[in-house]
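Throughout, a chain's letter reflects where its sequence line sits, starting with A, and its residues are numbered from 1.
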Protein chains: 2
Amino acid sequence: MLSLKKVIPPSVVKRLPRYFSCVQSLNAKEIEWVSSSELADLLGLTSSTVRQDFSCFDFSGISKRGYNIVGLQKMLVEILGADMTWKVVVVGAGNMGRVLALHEEFVRCGFDVVAVFDADSEKHGTKVGELKVLPMSDLAMIVESQGVGMGIIAVPAAAAQDVADLLVDAGVKGILNMSMRNIITPNDVSVTASRIVASLQQLSHCVLFSCGKKKK
Amino acid sequence: MLSLKKVIPPSVVKRLPRYFSCVQSLNAKEIEWVSSSELADLLGLTSSTVRQDFSCFDFSGISKRGYNIVGLQKMLVEILGADMTWKVVVVGAGNMGRVLALHEEFVRCGFDVVAVFDADSEKHGTKVGELKVLPMSDLAMIVESQGVGMGIIAVPAAAAQDVADLLVDAGVKGILNMSMRNIITPNDVSVTASRIVASLQQLSHCVLFSCGKKKK
DNA sequence: TAGATTGTTAATCGATTAACAATC
DNA sequence: TAGATTGTTAATCGATTAACAATC
C-alpha cells in the first residue's frame with residue numbers, strides 16, 4: 001500500500017475529498033495541468049494552502065506548469081481508497097436511514113450498503129430498495145460474514161452510543177455518525193460526523209447575526 | 001434581538017448545535033445544573049474549551065454549581081434562532097433532495113420545507129410528500145411570496161453554482177450546500193456545507209491509514 | 001470555613017498565509 | 001533567457017489547553 005511522506009493532518013484530510021472531486025471534473029474536461037492558484041480559486045482556498053497540502057503527498061508538481069491532473073487523481077484515489085469498494089451497513093431505518101441505503105451516489109463512490117438494521121420490530125422485513133430491514137441481533141453476524149468495514153449511525157441521539165458499541169464489537173473499523181450525540185470508540189475505530197440539522201442550525205445563527213465571511 | 005458579548009468565532013459556532021442538543025436532553029431528564037467538565041465529557045471536549053466557549057455568551061455559571069440548564073438552553077435557543085421557524089426550499093429532487101424535503105426532523109427543529117425544485121421537466125408535478133416538484137423558473141416567485149430564508153442545494157456539482165446564484169438572486173440569506181462544488185456568494189449570504197460522501201471518503205482514508213485519535 | 005468550579009489570562013499548539021530561492 | 005510556478009521556510013493567525021485568582 002501507498003506510503004505517505006507523513007501523517008496527513010486532519011485539516012488537510014477534510015479537504016481531500018474536495019480536491020478529488022475537483023480533479024475528477026477537470027479530468028472529465030480533459031484538462032491536463034492545473035496550478036495551485038487555479039485549484040485554490042476553484043475550492044475557495046489560497047495557493048499557499050494547496051501547495052502546503054500537497055507537500056504531504058509523495059507527488060510533485062512542475063514549475064511553470066503546475067500539477068498533472070491524471071497523476072494527482074491517482075494519488076488522491078490511493079490516499080482516499082477511492083479505488084476500492086467498502087461494504088457498509090446502515091443502522092436506523094427511519095427517513096434518513098432509508099435514503100442513505102438507497103443513495104445511488106454511494107455506489108458510484110465505492111460504498112456498498114449491504115444491510116439496514118433497526119431496533120423497531122415493526123420495521124423488520126419491510127423493504128428498503130432491494131434490502132430488507134433486519135433486527136439488531138443480526139448485525140454482528142452480517143458484519144462478520146460479509147466483511148463490512150463501516151457503519152452509518154442514523155438513529156436518535158439517545159441510541160447512538162449503544163449502536164456504536166454494537167458496531168465496534170461486530171468489528172467495523174469506521175463509523176459515520178449522523179446523530180447529534182458524541183460517540184466514544186476505541187482508538188482503532190475512526191469516526192467522522194455529518195449532521196445535517198446541525199449545519200442548518202449553524203446557518204441559522206450565521207444568518208441571524210450576519211456572521212460575515214472574511215473580507216478579501 | 002439578543003446582543004452578543006462578541007462575535008462568536010467559527011470554531012465555537014460549529015459546537016453550538018451540539019451544546020444545544022446535549023442541553024435539551026439533560027433538560028428532558030430534569031437535570032438542573034451541569035458543570036463545564038460534565039459537558040466536556042458528554043461532548044468529547046475539555047472543560048477549558050467549554051468555559052472559553054461560553055464566555056462568548058451573555059450568560060454566567062455559578063461557582064461550585066456550574067451552569068443552569070434552563071438558562072443555558074434559553075441562551076442557546078436565542079443564539080441559534082431555534083425558537084423561530086425558517087422557511088426553506090430544496091433544489092434538486094433526486095434521492096437526497098427528496099429525503100431532505102421529507103425529513104421530519106427538520107420540522108421538529110424549525111425548518112419548514114415549503115417547496116422542492118428541479119431542472120428536469122420529467123420530474124415536475126411529481127409528488128414529494130405533500131409537495132409537488134416545481135420548475136426552477138418558479139423559484140424566485142416562491143422565495144419572495146413565501147418569505148423563504150434558506151435554500152438547500154442538493155444537485156450535482158456541475159449545477160451547484162448556478163443554483164446558488166438563483167437562490168441568491170431570489171433573496172435567500174442562507175444556503176446549505178450538499179454538493180461537492182465550492183460555491184461563491186455575496187458577503188451577506190451565509191453558506192454552510194454538509195457533504196455525506198465527503199465524510200465517508202474522509203473516513204475511508206482514516207481507516208486505511210489508521211489515523212489515530214489524539215491519545216489521552 | 002474548605003473545597004469545587006467559574007471566568008479569564010497566559011502558554012501552547014496547529015493551521016494558514018506570506019515570502020522567496022529553486023527550477024523548469 | 002525571462003517569467004511563472006513550485007516547494008519550503010518563516011511569520012502570522014486562530015483555536016485549544018493550562019493555570020490560577022476570584023467566588024460561591
| said: With a 4.0 Å limit, can you tell me whether Ser60(A) has a side-chain N or O closer than that to the phosphate oxygens OP1/OP2 of dG7(D)? | reply: yes
| request: Grab the NZ-P distance between Lys64(A) and dG7(D) for me, whole Å please. | output: 16 Å
| note | Arg18(A) and Leu43(A) have their tightest heavy-atom pair at NH2-O, 2.7 Å
| Spacing of CD1 belonging to Ile69(A) relative to CG belonging to Leu39(A), to within rounding of 0.5 Å | 6.5 Å
| task | To the nearest Å, give me how far apart NZ (Lys14(A)) and P (dA15(D)) are. | result | 11 Å
| request: May I ask you to say what Thr49(A) touches in the nucleic acid, namely base, sugar-phosphate or nothing, with a heavy-atom cut-off under 4.0 Å? | output: base
| remark: Closest to the 5' end of DNA chain C, once Gly66(B) and Ile62(A) are matched to their nearest nucleotides, is Gly66(B)
| field | Side chains of Val90(B) and Phe106(B) in contact at under 4.5 Å (non-hydrogen atoms) | value | no
| query | Rounded to the nearest Å, what distance is computed from the CZ atom of residue Phe54(A) to the P atom of nucleotide dT5(D)? | reply | 15 Å
| request: Hunt down the Watson-Crick or G-U wobble partner of dA21(C), both distances under 3.5 Å, from any strand shown, or write none. | output: dT6(D)
| task | Between Arg65(A) and Arg15(A), name the one whose nearest nucleotide on DNA chain C is closer to the 5' end. | result | Arg15(A)
| field | Nearest-Å distance for atom pair CD1/C1', residues Ile8(B) and dG14(D) | value | 16 Å
| In whole Å, what is the span from the CG atom of Leu45(A) to the P atom of dA15(C)? | 15 Å
| Residue closer to the 5' end of DNA chain D, Asp53(B) versus Ser63(B) (nearest nucleotide) | Asp53(B)
| Distance-only donor-acceptor test, Gln52(B) side-chain atoms vs dT8(C) base atoms, 3.5 Å | no
| message | I need the residues from residues 31-39 of chain B with at least one non-hydrogen atom less than 4.0 Å from DNA chain C; give them sorted by number, or say none. | response | Ser35(B), Ser36(B)
| Of all the choices, dT17(D), dT17(C), dA15(C), which nucleotide is nearest to the side chain of Ser11(A) once you look at every atom? | dA15(C)
| field | Polar side-chain contact Ser48(B)-dA18(D) base: donor and acceptor under 3.5 Å | value | yes
| query | Expressed in angstrom and rounded to an integer, what is the separation of Arg51(B) atom CZ from dA18(D) atom C1'? | reply | 10 Å
| said: Measuring only between side-chain heavy atoms, which start at C-beta, is Val172(B) closer than 4.5 Å to Met150(B)? | reply: no
| Does Leu16(B) reach the side chain of Ile8(B), with side-chain heavy atoms less than 4.5 Å apart? | yes
| remark: On a heavy-atom basis, the closest approach of Leu176(A) and Ser194(A) is CD1-CB, 4.0 Å
| field | Test applied, side chain to side chain contact (heavy atoms under 4.5 Å, CB included); reference residue, Met178(B); option that passes from Leu100(B), Val155(B), Ile153(B), Val91(B) | value | Leu100(B)
| request: Using whole Å, report how far OH of Tyr67(A) lies from C1' of dC24(C). | output: 14 Å
| said: Rounding to an integer number of Å, can you tell me how far Leu43(B) CG sits from dT16(D) P? | reply: 13 Å
| task | Report yes if a side-chain nitrogen or oxygen of Ser55(B) is closer than 4.0 Å to either non-bridging phosphate oxygen (OP1 or OP2) of dG7(C); otherwise report no. | result | no
| said: Exactly one of Val148(B), Leu131(B), Val128(B) should register a side chain to side chain contact (heavy atoms under 4.5 Å, CB included) with Val113(B). Which one does? | reply: Leu131(B)
| query | Partner of dG14(C) by Watson-Crick or G-U wobble geometry, both contacts under 3.5 Å, or none? | reply | dC13(D)
